[in-house]
Amino acid sequence: MDAHATSAEPERSHPSVGVYVRIGLVLFVLTALEVGLYEFTYGGHAGPAGAAIQPFFVPLLLLLSAGKFALVAMFYMHLKQDHRLFTGVFVFPLIIATVLILGLVVLEAYHFAFARAG
Amino acid sequence: MATTALDQQRAHAAAGHEPTGLWSWITTVDHKRIGILYGATAFTFFLMGGIEALLLRIQLGTPNNTFLSPETYNELFTMHGTTMIFLAIMPLSAAFFNFIIPLQIGARDVAFPRLNAFSYWVFLLGGLFLNASWLFGAAPDTGWFGYANLTSKQYSPGLHVDFWMLGLQTLGVASLAAAVNFFTTVLNMRAPGMKLMRMPIFTWMSFITQVLLLLAFPVITVALILLMFDRFFGTNFYVPTAGGDPLLWQHLFWIFGHPEVYILILPAFGIVSEVLPVFARKPLFGYAAMVFSGIFIAFLAFGVWAHHMFATGMGPIADTYFSLATMLIAIPTGVKIFNWLGTVWGGSIQYKTPMYFALAFVAMFIIGGLSGVMHGSPPADLQQTDTYFVVAHFHYVMFGGSIFGLAAGAYYWWPKMFGRMLDERLGKLHFWLMLIGFNLTFFPMHILGLNGMPRRVYTYPEGLGFEELNLLETISAFLLAASFAVFLYNIIKTWRGPRNAPADPWNAATLEWTIPSPPQEWNFAEIPVVHGRDPLWEAKREHGGPLPEPPKVSGAGIHMPNPSYWPLVTALGLSAMMSGLMLIHHLGPWGIIAGGAILLFGVFNWAFEPAG
Amino acid sequence: MPLTPASRHLRRWACVLPLLVLVAGACSPGHYPQTTLRPLSDFARIGDDIQNNTLYWATGVFVLVEGALLYAIFRFRGRPDDPEPSQVHGNTVIEIIWTVIPALILAAIAVPTVRGIFQTNAIPTGDVLRVDVVGHQWWWEFRYPTLNLTTANELHIPVGQTVSLHLGSADVIHSFWPPRFAGKRDVFPNRETRLWFKAERAGEYPGQCAEFCGIQHARMAFRVRAQSPAEFQTWVAHMQTLGTKPAAAAPARDSVHTASAGATVRSDPQAAPPAGPTDPAYAAGEKLFAAKGCVGCHSLTAVNAPKGLVGPNLANVGARTYIAAGTLKNTDENLAHWIRDPQGIKKGVLMPNLGVTADEARSLVAFLRAHQ
Amino acid sequence: MTDTAHAGHLETATGLDNRKLAIWTFIGSECLFFASLISNYLVHKETWLTGPGPFPHEAWTSPAGKVFEPIIEIPLVTLGTALLLFSSLFVVLALANAQRGNRKGLLLWLGLTLLCGVFFVGMQVYEFTHFVHKGLTLKTNLFGGSFFVLTGFHGTHVTIGVIWLFTLWIEAFRGKIPPAKSLNLEIAALYWHFVDVVWVVIFPVVYLIK
């Protein structure tokens with residue numbers, strides 16, 4: 001990751017206003033999907049199909065949320081066009097953060113299960 | 001008055017003079033001065049931590065001793081650990097980051113000079129805050145690890161834990177601000193031609209340290225925030241009777257705490273990797289392997305935290321994972337040790353004081369590393385953990401490692417920092433006293449630990465066999481202390497002498513030795529262009545011998561950042577907020593609001609002040 | 001006074017020899033009753049074997065690497081005017097070798113480690129004796145749920161039978177550590193941890209809290225009393241009789257086998273036979289025990305003992321080796337001293353100074369001594 | 001607001017601006033901060049031993065027979081989420097205008113961003129007050145504690161962002177953000193987007209997943 005490869009910051013061509021607005025719409029739709037999924041599974045409109053979705057609810061929701069996260073980071077925060085170094089400085093901690101959350105949840109779940117079972 | 005003093009200074013600087021006087025130190029944004037401030041402050045705290053250690057050793061010299069009361073002992077061992085880690089070793093490393101990194105990469109200053117001053121002031125105020133607890137008779141007393149739920153309001157009423165928790169929080173701000181600064185500095189401020197794989201190894205190891213700081217400190221920040229809410233606002237995160245989980249504290253603490261260990265040792269790795277080649281007159285053996293093993297160690301640092309917690313009973317799967325991951329760290333560490341050996345092998349070793357310390361570092365670190373592997377195995381660690389075996393292990397790493405490394409750095413860079421050569425004979429006396437005192441103090445702890453002496457006990461009964469070695473350790477601790485008296489004497493003696501250091505007293509390889517000792521305010525009259533890993537050696541080879549002494553030049557035309565007192569005001573605001581938080585039950589929110597107002601005032605004036 | 005070379009020699013050795021003896025003695029595990037190096041149970045042996053294996057490898061590495069370093073330090077001394085040594089930058093083959101060899105050594109450590117992890121984490125089955133261990137600031141409670149018995153600060157276990165410890169804490173985190181039998185296991189409030197071991201030899205062995213737990217962490221010791229199955233049964237049967245009034249005649253305590261090496265030979269706390277319920281001092285002590293509020297924190301029954309008391313169970317306190325969790329030997333003087341001034345002896349302990357007079361203390365000692 | 005040792009215009013070794021690299025570094029560090037808070041929330045959200053149990057989504061009857069109403073109001077929070085997402089859009093539009101030197105556009109979009117931010121904070125203040133009235137405080141149970149600490153620290157970040165952007169709005173109003181200084185806004189915008197993506201994670205994890 002030798003940063004000298006590009007000695008000067010290239011004139012960044014940030015996306016056009018149209019792209020920003022379209023991304024904004026997609027974000028809005030994804031949020032609506034999240035809430036809709038919740039309503040469909042657990043909310044007032046939940047039916048028998050909702051019960052069938054329940055096992056997939058959490059993964060689906062996390063997927064949608066990850067999608068929104070990626071869109072904002074890539075387009076609004078310009079990671080897609082900017083220097084790769086910025087992506088590295090953001091994504092490396094992000095990976096460690098994710099592993100940390102997973103690790104802690106797994107370790108604590110084991111503790112709680114083992115301890116409370118006596 | 002402030003403005004006029006500043007104006008005078010600017011006029012002074014424009015004329016090419018070094019500013020002098022107390023005000024110039026308070027408003028300084030020069031990385032070299034900040035480095036010296038860090039060094040002097042941290043060394044003072046180091047001496048305090050050392051005195052604390054001596055008191056502990058007197059108490060443990062004989063069984064059932066009553067020299068210290070149990071609560072004083074607990075305060076002293078807590079403050080000894082906290083002081084040495086946060087107020088001595090880390091800021092001593094920071095002193096070298098500050099002074100040396102910009103010089104090694106050919107820069108005129110760090111990326112954010114005022115932020116740098118802010119880091120120092122926050123560190124100083126945080127250290128004073130922590131130690132102010134002594135004046136209130138409420139020094140922290142739950143260990144540097146502060147295990148919940150002993151730290152809860154129920155089991156630790158009083159201000160002891162509050163001082164500790166808010167003090168660490170303050171110091172964390174200083175570390176994070178400095179880490180952002182140095183991360184940016186190393187990436188962005190390198191002289192033309194200094195590619196990443198041409199960076200001096202000290203800069204490399206320091207850079208990795210900044211990454212660890214950036215990723216580890218937020219975790220302890222959160223752990224401390226949760227503790228703060230438990231103590232001040234009635235939450236129950238660590239209160240088991242309400243369903244909270246004291247084990248979460250241990251997880252969060254060690255997710256921070258294990259990288260912290262490498263934060264303490266990596267700069268020393270870097271220093272030693274600079275000193276060994278210079279005095280063996282050979283380039284560093286396996287530069288790339290040294291860099292990548294450093295990166296690998298840092299990466300693994302985030303995956304091994306729970307090896308501090310084998311005794312908590314995490315189950316066989318977690319034990320296996322954390323044990324194997326821990327053992328993996330031995331591989332890159334081994335690579336480093338072998339490369340140091342490879343560096344001196346076949347060299348023409350010049351025995352100056354820095355080299356003594358650097359070689360002893362390698363020898364001592366091997367011992368600390370090997371006992372570390374012994375802890376890596378949970379069934380064995382269940383016996384070793386929380387005994388003096390562990391105390392021995394981490395003193396071999398922290399003292400035999402970090403302090404020997406930092407001492408090597410101090411003797412090595414002293415001429416560059418102050419323009420004076422430290423006395424060689426006194427330096428060697430310091431070395432031998434320290435080496436012997438250190439080993440006699442800490443090696444017997446291995447034996448005591450394996451034979452059943454637990455840690456963190458203010459006394460021990462007769463009849464368990466601990467008497468003889470403890471007495472030996474106590475006597476030796478004074479020998480160790482004497483070695484630092486010699487060091488102090490050396491400093492004072494040299495201070496009285498003339499500035500006698502040439503630009504390149506050791507026949508060194510890196511950029512900081514191409515400029516006068518001590519460097520002028522702007523470091524490099526002309527920004528150097530780098531063509532290789534050992535630029536000064538290459539220049540000397542080309543020249544066919546030692547280079548002529550670089551002349552002092554006028555700084556006319558070189559634009560340097562303006563001095564500023566806003567970092568100090570901002571730091572004072574932050575400390576006032578922390579103090580307000582501690583007194584929240586007496587002052588209500590007003591203390592915090594007042595501190596916050598000062599903080600905002602400082603930040604805005606800082607932001608809108610012309611940086612120069 | 002001039003010395004001949006021989007006598008000078010002798011004198012030097014005369015100084016060094018005692019020092020060597022001292023060091024050798026201080027290094028031998030036999031010098032330390034609380035050592036981890038002489039395991040007395042299956043559990044402790046698992047860890048000890050792994051530790052020895054690791055220690056052998058570590059010693060080998062230590063000798064080789066420090067040897068090479070010392071060799072280099074002496075062999076490659078240079079003078080300032082020496083020619084520049086050859087400028088070696090590295091050697092890929094060598095670097096690969098010294099990456100692989102440590103990896104292999106670690107594998108040799110990792111394999112037994114993983115086996116040991118699973119062995120020590122196994123849940124014991126079959127003929128096991130369950131003991132519930134509760135850590136308190138700053139003493140240990142031991143409950144035998146299957147035997148319906150409770151005692152404090154002395155863990156009685158039968159030799160040859162696996163004991164399965166279920167550990168918890170009443171307040172903060174402690175760590176239960178009987179070094180001769182097992183490594184540490186932390187005890188948590190509201191969370192159960194486990195530990196097991198099968199004792200191999202009878203005797204009395206020290207143990208200690210190993211996690212910092214407040215002002216008196218240092219004074220939170222306990223004793224493990226491993227007994228032959230028959231002796232253990234006798235002890236259980238005796239304890240079963242301990243209600244509010246102790247049995248008139250205590251069993252002969254000399255029958256406790258303590259002669260094994262490494263065990264502390266117990267000093268009989270009192271020469272005279274203990275006072276019985278008929279003794280006037282005993283009766284006075286009994287009254288005081290209630291009047292001074294001792295009953296608020298201490299139970300005197302081993303059977304059906306109440307849970308959650310602040311102070312240790314005293315049903316057989318008269319027969320214990322130490323009082324105040326390993327702080328003092330259990331002699332009449334110490335016990336009286338302790339009753340009168342616990343805060344002076346163990347500052348911060350939850351037992352307050354109750355203004356007990358010397359006479360009252362004597363009565364209380366007589367009363368407690370009878371509880372064997 | 002420049003604070004670099006290279007005065008005037010700079011060439012850095014990477015060609016990247018110091019402040020921009022620094023804010024990304026800070027954001028990377030903040031990832032770990034929020035990860036720790038989220039971990040705490042996940043570990044503790046369903047834990048209680050004293051006091052009422054958790055009652056975020058469903059009505060809950062205590063052993064003593066007291067009924068606790070479900071507490072989370074998804075429509076309100078969805079509105080807040082949408083506001084925050086739109087504010088992210090507005091701030092990039094403000095930046096685009098700043099880079100083109102369109103001061104009016106900059107003031108308009110930055111103003112809208114600020115409004116969204118203020119409304120989001122207002123939503124959170126309303127929600128917190130509402131919860132407290134319904135009986136959920138920091139002390140009630142561990143859901144309460146971990147919920148308030150996690151969303152509260154996010155709200156603090158939003159508030160700091162509002163103050164920062166407001167300062168820039170004033171600067172822009174005074175004509176002090178010409179295209180050459182648009183980086184001042186870009187850095188604040190990066191921080192603002194980060195605060196937004198953190199909410200993108202918090203919203204499903206706290207409000208939608210039971």
Side-chain angles (χ1 to χ4, degrees), chain B residues 69-71 74 143 147 149-150 155 240-241 246 281-283 285-286 289 311-313 315-316 319-320 323-324 327 330-331 334-335 337-338 341 344-350 359 362-363 366 370 373-374 377-380 382-383 385-386 447 450-452 454 456-459 464-465 468-469, chain C residues 22 26-27 29 31-37 46-47 50-51 54 58 61-62 65-66 68-69 72-73 76-78 82 84-85 87 89-90 95 98-99 102-103 106 110 113-114 116-118 120-121 172-173 175 179 183-186 189-190 193 208 210-218 347:
Chain B
S69 69
E71 62 266 55
N74 293 343
Y147 271 12
N149 56 337
L150 183 62
Y155 295 106
T241 43
R281 299 177 66 194
K282 264 180 79 215
F285 194 91
T312 61
D319 276 8
T320 303
S323 168
L324 296 183
M327 289 183 188
I331 297 175
V335 166
I337 288 168
F338 294 132
L341 256 178
V344 291
W345 201 271
S348 167
I349 302 175
Q350 311 294 308
L359 288 167
V362 179
I366 293 170
L370 288 171
V373 173
M374 291 180 68
S377 183
L382 290 184
Q383 289 284 19
T385 187
D386 280 325
I447 299 164
L450 288 180
N451 285 305
R456 300 159 184 159
V457 289
Y458 70 84
T459 190
L464 291 178
E468 298 88 347
L469 290 182
Chain C
L22 190 75
C27 291
H31 185 63
Y32 301 93
Q34 197 161 290
T35 183
T36 69
L37 299 176
I46 296 171
I50 292 173
Q51 181 167 292
T54 318
V61 172
F62 173 80
V65 181
E66 298 278 13
L69 182 67
I73 286 172
F76 300 111
R77 273 172 302 174
D82 280 348
E84 193 176 64
Q87 302 288 297
H89 285 267
E95 286 178 51
W98 68 40
T99 310
L106 287 170
T113 290
V114 175
I117 289 172
F118 279 87
T120 50
N121 273 286
V172 300
I173 298 175
S175 195
K184 295 161 202 79
R185 187 61 81 199
D186 294 351
N190 273 317
T193 46
Q208 185 147 4
E211 187 59 85
F212 184 68
C213 54
I215 178 172
Q216 284 297 346
H217 164 58
K347 189 172 183 185

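Bear in mind that the values here come from a model prediction, so they are computed numbers and not experimental data. Numbered from 1 within each chain, the chains take letters A, B, ... in sequence-line order.
- Annotation: the span from Ile117(C) atom CD1 to Leu382(B) atom CG amounts to 9.5 Å, rounded to 0.5 Å.
- The closest side-chain heavy-atom distance from Phe212(C) to Asn74(B) is below 4.5 Å.
- In this structure, the side chain of Lys184(C) engages the main chain of Thr385(B) through a donor-acceptor pair within 3.5 Å.
- With a 4.5 Å cut-off on non-hydrogen atoms, Asp186(C) touches chain B through its backbone and its side chain both.
- The distance from the CD1 atom of Ile50(C) to the CD atom of Gln383(B) is 11.5 Å, given to the nearest 0.5 Å.
- Nearest heavy atom pair, residue Pro85(C) against residue Lys282(B), reads CG-CG, 3.9 Å.
- With values rounded to the nearest 0.5 angstrom, Leu324(B) atom CG is found 8.0 Å from Thr113(C) atom OG1.
- Interface check for chain B: of the options Asp82(C), Leu69(C), Val172(C), the most heavy-atom pairs under 4.5 Å are formed by Val172(C).
- Contacts of Tyr147(B) with chain C are made by side-chain atoms alone, with heavy-atom separations under 4.5 Å and no backbone atom involved.
- Heavy-atom pairs under 4.5 Å with chain C peak, among Ala330(B), Pro246(B), Gly334(B), Pro378(B), at Pro378(B).
- Listed options Pro454(B), Ala311(B), Gly143(B) were ranked by heavy-atom pairs under 4.5 angstrom with chain C; first place goes to Ala311(B).
- For a residue to count as touching a neighbouring chain, one of its non-hydrogen atoms must lie under 4.5 Å from one of that chain's; by this rule Leu469(B) touches chain C with the side chain only.
- Remark: side-chain polar atoms of Gln51(C) are not paired, donor with acceptor, to backbone N or O of Met374(B) under 3.5 angstrom.
- Of the atoms belonging to Val114(C), it is side-chain heavy atoms, and not backbone ones, that fall under 4.5 Å from chain B.
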Exercise for review: Please assess Phe338(B) against Val65(C) for the test side chain to side chain contact (heavy atoms under 4.5 Å, CB included), listing each intermediate value before the final yes or no.
Suggested key: CA-CA 8 Å; Phe338(B) 294 132; Val65(C) 181; 3.9 Å; yes

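- Interface residue Thr320(B): backbone and side-chain heavy atoms are both found under 4.5 Å from chain C.
- For a residue to count as touching a neighbouring chain, one of its non-hydrogen atoms must lie under 4.5 Å from one of that chain's; by this rule Leu341(B) touches chain C with the side chain only.
- Both the backbone and the side chain of Tyr458(B) come within contact range of chain C, each with at least one heavy atom under 4.5 Å from a heavy atom of that chain.
- Nearest heavy atoms, Glu66(C) versus Ala363(B): OE2-O, 2.6 Å.
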Exercise for review: May I have the step-by-step check of side chain to side chain contact (heavy atoms under 4.5 Å, CB included) for Val373(B) and Leu106(C), ending in yes or no?
Suggested key: CA-CA 9 Å; Val373(B) 173; Leu106(C) 287 170; 4.2 Å; yes

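- Glu71(B) touches chain C through backbone and side chain together, each having a heavy atom under 4.5 Å away.
- For Leu464(B), the parts lying under 4.5 angstrom from a heavy atom of chain C are both the backbone and the side chain.
- Annotation: side chain of Trp98(C) is not in contact with side chain of Ile337(B) (no heavy-atom distance under 4.5 Å).
- The two atoms that bring Ala72(C) and Trp345(B) nearest to each other are CB-CE3, 3.8 Å, heavy atoms only.
- Considering only heavy-atom pairs separated by less than 4.5 Å from chain C, the leading option among Leu370(B), Ile447(B), Asp319(B), Thr459(B) is Leu370(B).
- Counting only heavy atoms from C-beta outward, the side chains of Glu95(C) and Phe285(B) approach each other to under 4.5 Å.
- Proximity of Ile73(C) to Val344(B): side-chain heavy atoms (C-beta onward) are nowhere separated by under 4.5 Å.
- With a 4.5 Å cut-off on non-hydrogen atoms, Leu450(B) touches chain C through its backbone and its side chain both.
- Here the closest non-hydrogen pair linking Gln216(C) and Pro70(B) is NE2-CG, 3.8 Å.
- Among the candidates Ile173(C), Ile46(C), Thr120(C), the residue making the largest number of heavy-atom pairs closer than 4.5 Å to chain B is Ile173(C).
- Of the possible donor and acceptor atoms, one in the side chain of Asn190(C) sits under 3.5 Å from a partner among the backbone N and O of Pro240(B).
- Atom-to-atom distance recorded for Asp386(B):CG and Gln208(C):CD is 11.0 Å, nearest 0.5 angstrom.
- Looking at Glu84(C), both its backbone and its side chain come within 4.5 Å of chain B, counting heavy atoms on both sides.
- With chain B as the partner, the residue from Gly116(C), Pro102(C), Ala68(C) showing the most heavy-atom pairs under 4.5 Å is Ala68(C).
- Contacts of Gln87(C) with chain B are made by both backbone and side-chain atoms, with heavy-atom separations under 4.5 Å.
- Counting heavy-atom pairs under 4.5 Å between each of Val335(B), Asn149(B), Val362(B), Val457(B) and chain C puts Asn149(B) at the top.
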